[in-house]
Participant: 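The structure's right below; bear with me while I get my questions together.
In listed order, ligands and their atoms are each counted from 1. In what follows, residues are counted from 1 in the order of the sequence shown.
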Amino acid sequence: MKILFLDQSGKPGGAELCLMDIAKPYGDNALVGLFADGDFKNLLQQQQIPVEVLATQSIQVRKQSSLLQALGSVGQLTPLINKVIQRARKYDLIYANTQKALVVGAIASFFARRPLVYHLHDILSSEHFSKTNLRVAVTLANRFASLVIANSQASKKAFLQAGGQPELIEVVYNGFEPKKYQTSEEDIRQLQQELGFKDKFVVGHFSRLAPWKGQHILISAIAKSPPQVTAILVGDALFGEQDYVQELHQQVAELGLENRVRFLGFRSDIPQLMSACNLVAHTSTAPEPFGRVIVEAMLCGTPVVAAKAGGAIELVEPGINGFLVTPGEPQELTEIINICLQETEKTVTMANHARTTASQNFDVTTINQQISQLLKTVDLLHKS
Ligand code: UDP
Ligand code: GLC
């Protein structure tokens, strides 16, 4: 089967990294059409996944208003839509991976007469999107998609609450290659030395810098933790959140934490960095749709604490494979940091258990088989 994947982003967020894993097994039978140039294209090329930047002009990618803008400016999008229609004729199925890809994909699926699959990586609620955007996304999915793949039960629930049709939606979690998350003791020690982790308890935060990802919560928690506790913030502002980056630096300066909080920017060595940390913290203040970083920490065998909302609740069983804290509450995070400092043995046992279960539950081979089965069914129904 030949699949045309569509994604609006030129930058590699979690949805894009997930798409890479899904597209890869299709080899030359896949084409990833992007609506913007950037590092995501380079990553796809490195993995030998066919990619083409289809947009002739950049489209805004902010979540709050852009979908409506995208619809309102369909005229402006005509060259892009035309290109997608042309490409789609050579493929069996259109796979929209983001909301603007859904808008363009829906129109193209209609004109090229190809079935449309929408991979829903978002919680369609007013905490994340404007009301109009919600309505547009759900209406287009209901009208044009043959299948909606939700990245968690939480994303599915929000889709249904927003008026999505129940018979359209299936939940498939993100898949991972467990081997990629195994780092040798020697490499871990070397990285710890390079980064000056000796005698420190390091809490890692791995996420793009954005207000709802809650890096400020971790900084507040560090300020209330014992002096050997330090943090690394790994990730960049991907979608223009420069004000937040400034606020974070200001917060660090005001709390006098310059020596205890480090900004490492976007990194490609996530497994190694996570393995070098004593704890990985996920601190989203709005419900996380899935939360790749939570599973990745588990696969590294590093203890993880996550904000108790959205998909994170499906991933973490408190006291069994990690910790959950109330979103937006630095005090609770400090308490967990103290537990990890004091109860090392118990925490290590928990992290080892998490590694084993995550390797079984989120294996990319199994997840890709699930997706492939779903797509085959859509294709067969369309052709029958
Ligand atoms: N990530 C990365 N480099 C960084 C920061 C993050 O490769 O510097 C990756 C991280 O390992 C994870 C993804 O970006 O796989 C973020 O996905 P997640 O689902 O946690 O959040 P999203 O940003 O998609 O909302
Ligand atoms: C989105 C969500 C994130 C999820 C990722 C992969 O970027 O924000 O929670 O893990 O997609 O599905």
Participant: Mind checking whether N151 has an N or O less than 3.5 Å away from an N or O of ligand 2?
Facilitator: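 For ligand 2, there is an N or O atom that lies under 3.5 Å from one belonging to N151.
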Participant: Is the shortest N/O to N/O distance between G13 and ligand 1 below 3.5 Å?
Facilitator: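 Checking ligand 1 against G13, no N or O pair falls under 3.5 Å apart.
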Participant: How are the rings of H128 and W212 set to each other: parallel, tilted or perpendicular (split at 30° and 60°)?
Facilitator: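 It falls in the perpendicular class, over 60°.
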Participant: N/O of R208 under 3.5 Å from N/O of ligand 1, yes or no?
Facilitator: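 For ligand 1, there is an N or O atom that lies under 3.5 Å from one belonging to R208.
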Participant: Give the atom numbers and elements of ligand 2 that come within less than 4.0 Å of a heavy atom of A15.
Facilitator: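 Those atoms are 5 (C), 6 (C), 7 (O), 11 (O).
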Participant: Are I85 and Y118 joined in one hydrophobic group, where the rule is that I, L, V, M, F, W and Y side chains link up if heavy atoms are under 4.5 Å apart?
Facilitator: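 Result: yes, single cluster for both.
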Participant: Any idea which protein heavy atom is nearest atom 11 (O) of ligand 1, and the distance to it?
Facilitator: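 It is E296 OE1, 2.8 Å.
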Participant: For atom 8 (O) of ligand 1, state which one of E288, M274, R267 supplies the nearest heavy atom.
Facilitator: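 That would be R267.
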Participant: For D92, run the salt bridge (Lys or Arg N to Asp or Glu O under 4.0 Å) check against K383, R114, K2 and tell me which one passes.
Facilitator: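 Looking at K383, R114, K2, the match for D92 under the salt bridge (Lys or Arg N to Asp or Glu O under 4.0 Å) is K383.
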Participant: Is there a path of hydrophobic side-chain contacts, each under 4.5 Å between heavy atoms, that joins M274 and V295?
Facilitator: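 As far as the 4.5 Å side-chain criterion goes, V295 and M274 are connected within one cluster.
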Participant: Working to the nearest 0.5 Å, report the span between CZ of R260 and CD1 of I232.
Facilitator: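 Separation between the atoms: 15.0 Å.
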Participant: Counting each atom of ligand 1 from 1 as listed, which ones have a heavy atom of G235 under 4.0 Å away?
Facilitator: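 Those qualifying, in numeric order: 5 (C), 8 (O).
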Participant: Under 4.0 Å from ligand 1, counting heavy atoms only, is it the side chain of H121, its backbone, both or neither?
Facilitator: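 No part of H121 comes within reach of ligand 1.
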Participant: Determine whether any heavy atom of G291 lies closer than 4.0 Å to an atom of ligand 2.
Facilitator: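 Yes, G291 has a heavy atom closer than 4.0 Å to ligand 2.
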Participant: Which atoms of ligand 2 sit under 4.0 Å from any heavy atom of H121?
Facilitator: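 Reading through ligand 2 atom by atom, the close ones are 1 (C), 2 (C), 6 (C), 11 (O), 12 (O).
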Participant: For G14, counting its heavy atoms only, list the atoms of ligand 2 lying under 4.0 Å from any of them.
Facilitator: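 Those atoms are 5 (C), 6 (C).
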Participant: So, are E52 and K83 salt-bridged, with charged N and O less than 4.0 Å apart?
Facilitator: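 So E52 does not pair with K83 through a salt bridge.
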Participant: Using a 4.0 Å cutoff against the non-hydrogen atoms of N174, which atoms of ligand 2 qualify?
Facilitator: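 Matching atoms, with element in brackets: 6 (C), 12 (O).
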Participant: Please evaluate residues Y244 and H216 with respect to the criterion ring-ring contact (aromatic ring centres under 6.0 Å, His included), reporting the C-alpha separation (whole Å), side-chain torsions for both, the decisive distance (0.1 Å), and the verdict.
Facilitator: CA-CA 9 Å; Y244 184 59; H216 58 286; 5.7 Å; yes
Participant: Distance to 0.1 Å, residue and atom name: give those for the protein heavy atom nearest to atom 22 (P) of ligand 1.
Facilitator: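 Protein heavy atom at minimum distance: K213 NZ, 3.5 Å.
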Participant: Taking 4.0 angstrom as the limit and counting only heavy atoms of R292, give me the atoms of ligand 2 inside it, by number and element.
Facilitator: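 Going through ligand 2 atom by atom, the ones under 4.0 Å from R292 are 10 (O).
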Participant: Got a sec: does the CD of Q246 have more than 12 other heavy atoms crowding it under 6.0 Å?
Facilitator: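 Not more than 12 within 6.0 Å, no.
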Participant: Parallel, tilted or perpendicular: which fits the ring planes of F362 and Y173, with parallel below 30° and perpendicular above 60°?
Facilitator: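 It falls in the tilted class, 30° to 60°.
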Participant: Which of the atoms of ligand 1 are close to V234, meaning less than 4.0 Å from one of its heavy atoms?
Facilitator: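 Here the atoms of ligand 1 in question are 5 (C), 8 (O).
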Participant: Out of curiosity, Q165 CD to I169 CD1, how far, rounded to the nearest 0.5 Å?
Facilitator: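 CD1 of I169 is found 11.0 Å from CD of Q165.
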Participant: May I ask whether F290 has any heavy atom positioned less than 4.0 angstrom from an atom of ligand 1?
Facilitator: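 It does not, in that no heavy atom of F290 comes within the 4.0 Å cut-off of ligand 1.
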Participant: When rounded to the nearest 0.5 angstrom, what distance separates CG in L248 from CZ in F263?
Facilitator: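 Answer rounded to 0.5 Å: 5.0 Å.
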Participant: Is there a side-chain contact (heavy atoms from CB on, under 4.5 Å) between F110 and L116? Walk through the geometry before answering.
Facilitator: CA-CA 9 Å; F110 178 77; L116 174 74; over 6 Å; no
Participant: Hey, is ligand 1 close enough to V293 that some N/O pair sits below 3.5 Å?
Facilitator: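 Such a contact does occur with ligand 1.
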Participant: Among protein heavy atoms, which sits nearest to atom 17 (O) of ligand 1, and what does the distance come to when rounded to 0.1 Å?
Facilitator: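 So the nearest neighbour among protein heavy atoms is G14 CA, 3.3 Å.
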Participant: Please could you name the atoms of ligand 2 that E288 approaches to less than 4.0 Å, counting only its heavy atoms?
Facilitator: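 Near E288, the atoms of ligand 2 are 3 (C), 8 (O), 9 (O).
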Participant: How far is atom 19 (O) of ligand 1 from its nearest protein heavy atom, and which residue and atom is that?
Facilitator: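 Of every protein heavy atom, R292 N, 2.9 Å lies nearest to atom 19 (O) of ligand 1.
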Participant: At what distance is the nearest protein heavy atom to atom 14 (O) of ligand 1, and which residue and atom is it?
Facilitator: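 Of every protein heavy atom, L17 CD1, 3.5 Å lies nearest to atom 14 (O) of ligand 1.
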Participant: Return a yes/no value for W212: is any of its N or O atoms, backbone included, closer than 3.5 angstrom to an N or O of ligand 1?
Facilitator: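 No - when backbone and side-chain N and O of W212 are compared with those of ligand 1, no distance drops under 3.5 Å.
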Participant: Any non-hydrogen atom of G265 lying under 4.0 Å from ligand 1?
Facilitator: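 In this structure, G265 qualifies as a contact of ligand 1 - some heavy atom is under 4.0 Å.
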Participant: Could you check whether E177 pairs with K180 (Lys NZ or Arg NE/NH1/NH2 to Asp/Glu carboxylate O, under 4.0 Å)?
Facilitator: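 Salt bridge: no.
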Participant: Enter the distance from I49:CD1 to L43:CG here, rounded to the nearest 0.5 Å.
Facilitator: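 Rounded to the nearest 0.5 Å, the CD1-CG separation comes out at 9.0 Å.
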